[in-house]
Peer 1: 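One structure, as structure tokens, below. Some questions next.
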Amino acid sequence: MENVILNRAFIVLLALSVGTAILTDIHPQAGTIFVVVVLLLSGLKARIILTEYLGLRAAPEFRRGFTAFLVAFLLGAFGLYMLG
């Protein structure tokens, strides 16, 4: 069962990575909406890695803490984009 979950997570990560690559190839200078979409895709990939590969599914308190840090990091990255 564990391998099935990890394989499914790998396939989702691969699909999200392909989606990100396609987006950046189509609209490399697209603007704010584009940046938000790319940051959301990055956040989803990080959340999957934390939950499935690092085993935080079994530790919901730690998962919430890492999610809060991840959201703060992505908001900080978006803030830096808006300043530039």
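These numbers were taken from a predicted model, which means no experiment stands behind them. Computed over heavy atoms, backbone and side chain alike; hydrogens, waters and symmetry mates excluded. Counting from 1, the numbers follow the sequence of the chain as shown.
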Peer 1: With rounding to the nearest 0.5 Å, note down the distance linking CZ in Phe34 to OH in Tyr81.
Peer 2: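 So the CZ of Phe34 and the OH of Tyr81 are separated by 9.5 Å.
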Peer 1: Which pair of heavy atoms, one from Gly43 and one from Leu70, lies closest together, and at what distance?
Peer 2: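 Residues Gly43 and Leu70, closest heavy atoms: O-CD2, 3.5 Å.
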Peer 1: Enter the distance from Arg8:CZ to Ile48:CD1 here, rounded to the nearest 0.5 Å.
Peer 2: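 The CD1 atom of Ile48 is 11.5 Å from CZ of Arg8, to the nearest 0.5 Å.
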Peer 1: Drop me the distance from Leu44's CG to Leu13's CG, to the nearest 0.5 angstrom.
Peer 2: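 Between atom CG of Leu44 and atom CG of Leu13 there are 10.0 Å.
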Peer 1: Once you round to the nearest 0.5 Å, how far does OG1 of Thr67 lie from CZ of Arg47?
Peer 2: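 Reported value, rounded in 0.5 Å steps: 3.5 Å.
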Peer 1: Rounded to the nearest 0.5 Å, how far does CG of Leu75 lie from CG of Leu39?
Peer 2: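 Taking CG in Leu39 and CG in Leu75, the distance rounds to 9.0 Å.
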Peer 1: Do Thr32 and Phe78 make a side-chain contact, defined as non-hydrogen atoms from C-beta onward lying under 4.5 Å apart?
Peer 2: yes
Peer 1: Could you pull out the closest heavy-atom pair between Glu52 and Leu6, with the gap in Å?
Peer 2: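 For Glu52 and Leu6, the tightest heavy-atom pair comes out as O-CD2, 3.7 Å.
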Peer 1: Applying the 4.5 Å side-chain criterion to the ILVMFWY set and letting contacts propagate, would Met82 and Leu80 be lumped into a single cluster?
Peer 2: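 No; tracing contacts between hydrophobic side chains, which count when under 4.5 Å, never links both residues.
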Peer 1: Would a single hydrophobic cluster contain both Phe69 and Leu50, if residues Ile, Leu, Val, Met, Phe, Trp and Tyr are joined by side-chain heavy-atom contacts under 4.5 Å?
Peer 2: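 No; tracing contacts between hydrophobic side chains, which count when under 4.5 Å, never links both residues.
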Peer 1: Surrounding CZ of Phe10 (heavy atoms of other residues, nucleotides or ligands, distance under 6.0 Å), is the total greater than 12?
Peer 2: no
Peer 1: Just how far is it from atom CG of Leu56 to atom CD of Glu61, taken to the nearest 0.5 Å?
Peer 2: 10.5 Å
Peer 1: Just wondering, do Lys45 and Thr20 contact through their side chains at under 4.5 Å, heavy atoms?
Peer 2: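 Yes, side chains in contact.
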Peer 1: Heavy-atom distance under 4.5 Å between the side chains of Leu23 and Leu41, does that happen here?
Peer 2: yes
Peer 1: Can you get from Val71 to Phe66 by hopping between Ile, Leu, Val, Met, Phe, Trp and Tyr side chains that sit under 4.5 Å apart?
Peer 2: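 No, Val71 and Phe66 fall in different hydrophobic clusters.
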Peer 1: Between Thr51 and Arg63, do the side chains contain an N or O donor and an N or O acceptor separated by less than 3.5 Å?
Peer 2: no
